[in-house]
**Student:** 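Got a structure for you, written out below as structure tokens; questions coming shortly.
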Amino acid sequence: MFALVDCNSCYASCEQVFRPDLRDKPVIVLSNNDGCIIARSKEAKRLGIPDLQPYFKLKGFLRQQGVSIFSANFTLYGDISHRVMTTLREYAAEVEVYSIDEMFLSFDGLPDDLKTYGQEIKQRIWRDVRMPVSVGVAPSKTLAKLANHAAKKISRLDGVCLLDTAEKWQWVQARLPVTKVWGIGSRTGKRLNTMGIRSILDLARANPKHMRREFNVNIERTITELNGTPAIDMETDVEPRQQIYCTRSFGHKPGDLYSLQTSISAYTARAAEKLRDQNSETKALQVFISCSRFEEEPYHGQQVVELPYATDDTRVLSHYARLAVEQLYRPNRLYARAGVGLIDIRSKDFQQRDFFYPTDNPRSEALMKTLDKINHRYGHGSAFLAAEGQKKRWRMRQAFLSPAYTTRWQDIPRVMLG
DNA sequence: TCTGGGGTCCTAGGACCC
DNA sequence: TCTGGGGTCCTAGGACCC
């Protein structure tokens with residue numbers, strides 16, 4: 001058996017952890033640059049606030065309803081998530097961190113009463129971290145996802161749903177459209193609909209081999225899993241990333257090359273930091289700059305840069321990224337987004353060097369280590385390349401940012417006594 | 001004025017090899 | 001009628017996830 005534990009309205013709940021005054025109140029969290037709504041508390045959902053809507057369109061309504069608004073604070077969410085995951089590890093021998101707010105647990109060899117066990121987990125996470133979670137338990141990962149969905153929707157289940165017999169999961173499957181299944185998105189959903197497959201149960205009853213020919217191997221696995229046979233394994237080890245991207249929308253749209261170059265330098269620095277974190281280097285990077293896609297003739301320039309040798313040195317990466325921006329730049333336009341991706345990543349432990357590789361530079365290594373240490377200790381952006389610029393007028397909007405309560409000394413909450 | 005960001009996997013098709 | 005067959009690697013694009 002598998003369990004899927006999912007934090008309810010994760011980001012909104014994270015904001016409430018240190019703001020108990022906002023408990024049971026409508027709270028929403030905006031995406032980077034305060035663009036869209038990406039999380040809503042129960043009460044905010046009840047007000048009819050839709051997901052992934054541009055903030056500016058709902059501004060008036062939100063104010064009128066007294067909704068509390070937050071800019072995304074991923075430092076805080078990452079830390080709260082880590083606390084939840086650490087606690088969850090106590091409840092299963094095998095776990096998979098699936099996303100910032102979801103974890104799969106393997107329940108093999110555990111007591112029969114998994115419903116009670118699920119309740120115990122839920123109460124423990126609430127007691128220790130003040131994070132509300134839902135628990136879905138079933139014989140495959142896809143069914144566990146489905147059970148989790150049911151746990152959220154059916155209030156009498158009290159946040160824990162066990163789908164351990166075909167009757168139970170078919171009851172749920174018959175009542176949900178096929179696009180609610182893990183792995184079936186809107187595109188495939190449309191195609192399935194034209195084939196007469198509307199509910200999840202319709203898909204579960206389709207011929208897996210035939211569907212594989214019609215679509216791909218994933219759909220075959222999904223069908224197998226929907227019928228109670230596991231076909232998707234737990235992924236217990238964290239593999240290093242194969243690609244690392246850092247892309248942002250601008251707070252103020254720049255039109256000058258200098259702003260684009262400084263922003264790209266800053267994004268490269270962030271990506272390189274993540275690269276070093278996983279002890280990797282990259283042999284290629286991708287750079288893009290683009291105008292708003294809502295413009296009449298949007299410009300999107302992108303370029304892949306093959307490096308002469310694999311590296312993790314921010315200065316080298318930044319140099320090539322800036323050259324690329326220079327080539328992509330078109331004057332007399334305003335840019336909305338830019339980004340950089342490290343796309344040919346390999347481990348530093350298995351370096352393939354050729355004849356022309358410059359000899360290892362211990363000073364580069366030491367400099368990067370020191371840079372990372374300073375930024376880790378005093379917060380991102382404490383030490384940076386001059387190429388990232390001083391002013392950063394392009395920096396993204398974060399008008400409603402909460403403190404980094406758990407990761408910055410200045411932001412630690414104070415408790416009033418007496 | 002304002003419309004997210006960061007990933008993964010699969011497939012098809014072309015190049016190339018013997 | 002009939003134009004080899006099978007394999008690998010790479011890339012772009014599509015689809016999906018949260």
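This structure is a prediction, so every number in the text was calculated from the model and none was measured. To find a chain, count down the sequence lines: A is the first, B the second, and so on, and within it residues start at 1. Note: hydrogens, waters and symmetry copies are ignored here, and every other heavy atom, side chains too, is used.
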**Student:** Quick one: on DNA chain B, does A:Arg241 or A:Asn218 contact a more 5' nucleotide (nearest heavy atom)?
**Tutor:** A:Arg241
**Student:** Where are the stems of DNA chain C, defined as at least 3 consecutive Watson-Crick or wobble G-U pairs with both distances under 3.5 Å?
**Tutor:** B:5-18 with C:5-18
**Student:** Please tell me which of the listed nucleotides, C:dA15, B:dG4, C:dC17, lies nearest to the side chain of A:Tyr98?
**Tutor:** C:dC17
**Student:** Is A:Cys246 touching bases, backbone alone, or none of the nucleic acid, heavy atoms closer than 4.0 Å?
**Tutor:**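 Sugar-phosphate, backbone atoms only, no base.
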**Student:** Which side chain to side chain donor-acceptor pair (under 3.5 Å) pairs, counting each pair once, include a residue from residues 180-189 of chain A, with sequence neighbours left out?
**Tutor:**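 For residues 180-189 of chain A: A:Tyr98-A:Trp182.
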**Student:** Need one value for A:Gln242: base, sugar-phosphate or nothing, where a base atom within 4.0 Å counts as base even if backbone is also close, heavy atoms only.
**Tutor:**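 Answer is sugar-phosphate: A:Gln242 comes under 4.0 Å of backbone atoms only.
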**Student:** Mind checking if A:Arg221 touches a base, just sugar-phosphate, or nothing, with heavy atoms under 4.0 Å?
**Tutor:** sugar-phosphate
**Student:** Applying a 4.0 Å non-hydrogen cut-off, can you work out what A:Asp34 is touching in the nucleic acid: base, sugar-phosphate, or nothing?
**Tutor:** nothing
**Student:** Nearest of B:dC2, B:dG6, C:dC18 to any side-chain atom of A:Thr247?
**Tutor:**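 When the side chain of A:Thr247 is considered, B:dG6 is the closest of B:dC2, B:dG6, C:dC18.
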**Student:** Within the 4.0 Å heavy-atom criterion, would you say A:Ile244 contacts the bases, only the backbone, or no part of the nucleic acid?
**Tutor:** sugar-phosphate
**Student:** Is the shortest side-chain N/O distance from A:Lys253 to OP1 or OP2 of B:dC2 below 4.0 Å?
**Tutor:** yes
**Student:** Where the side chain of A:Ile38 is concerned, which of B:dG4, C:dC18, B:dG6 is the nearest nucleotide?
**Tutor:**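 Of all the options, the side chain of A:Ile38 is nearest to B:dG4.
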**Student:** Take atom NZ of A:Lys42 as the centre, draw a 6.0 Å sphere, and report whether it contains more than 12 heavy atoms from other residues, nucleotides or ligands.
**Tutor:**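 Check fails, neighbour count at 12 or below.
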**Student:** Among the nucleotides B:dT3, C:dC16, C:dC17, which one has an atom lying closest to any side-chain atom of A:Arg187?
**Tutor:**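 Nearest nucleotide to the side chain: C:dC16.
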**Student:** May I ask you to evaluate whether A:Lys180 reaches the phosphate of C:dC16, defined as a side-chain N or O under 4.0 Å from OP1 or OP2?
**Tutor:** no
**Student:** Counting any heavy atom closer than 4.0 Å, what does A:Lys145 reach on the DNA or RNA strands: base, sugar-phosphate only, or nothing?
**Tutor:** sugar-phosphate
**Student:** Under 4.0 Å, heavy atoms only, any strand: does A:Val181 hit a base, just the sugar-phosphate, or nothing?
**Tutor:** sugar-phosphate
**Student:** As a test of reading the structure: which of C:dC16, C:dC18, B:dG4 is closest to the side chain of A:Leu52, going by heavy atoms?
**Tutor:** B:dG4
**Student:** What's the closest nucleotide to the A:Arg397 side chain, out of B:dC2, B:dG4, B:dG7?
**Tutor:**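 Closest nucleotide among those given: B:dC2.
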**Student:** For A:Phe294, report the nucleic acid contact type (base, sugar-phosphate, nothing); a contact means any heavy atom under 4.0 Å.
**Tutor:**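 The residue A:Phe294 makes base contact.
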**Student:** In a check of side chain to side chain contact (heavy atoms under 4.5 Å, CB included) between A:Ile345 and each of A:Gln278, A:Gln242, A:Lys283, which one passes?
**Tutor:**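 Passing option: A:Gln278.
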**Student:** Within the 4.0 Å limit for protein heavy atoms, which parts of nucleotides 8-13 of chain C are touched? Write it as a string from 5' to 3', B for base, S for sugar-phosphate only, - for none.
**Tutor:** ------
**Student:** Using a strict cut-off of less than 4.0 Å between a Lys/Arg side-chain nitrogen and an Asp/Glu carboxylate oxygen, indicate whether A:Glu102 and A:Lys145 qualify as a salt bridge.
**Tutor:**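 Result for this pair is yes, salt bridge flagged.
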**Student:** Is there a donor-acceptor contact under 3.5 Å linking the side chains of A:Gln303 and A:Gln286?
**Tutor:** no
**Student:** Tell me what A:Thr188 touches on the nucleic acid: a base, only sugar-phosphate, or nothing, going by heavy atoms under 4.0 Å.
**Tutor:** sugar-phosphate
**Student:** If the threshold is 4.0 Å, N to carboxylate O, is there a salt bridge linking A:Asp6 and A:Lys152?
**Tutor:** yes
**Student:** For the pair A:His300 and A:Phe288, name the ring-plane relationship: parallel under 30°, tilted 30 to 60°, perpendicular over 60°.
**Tutor:**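 Rings of A:His300 and A:Phe288: parallel, under 30°.
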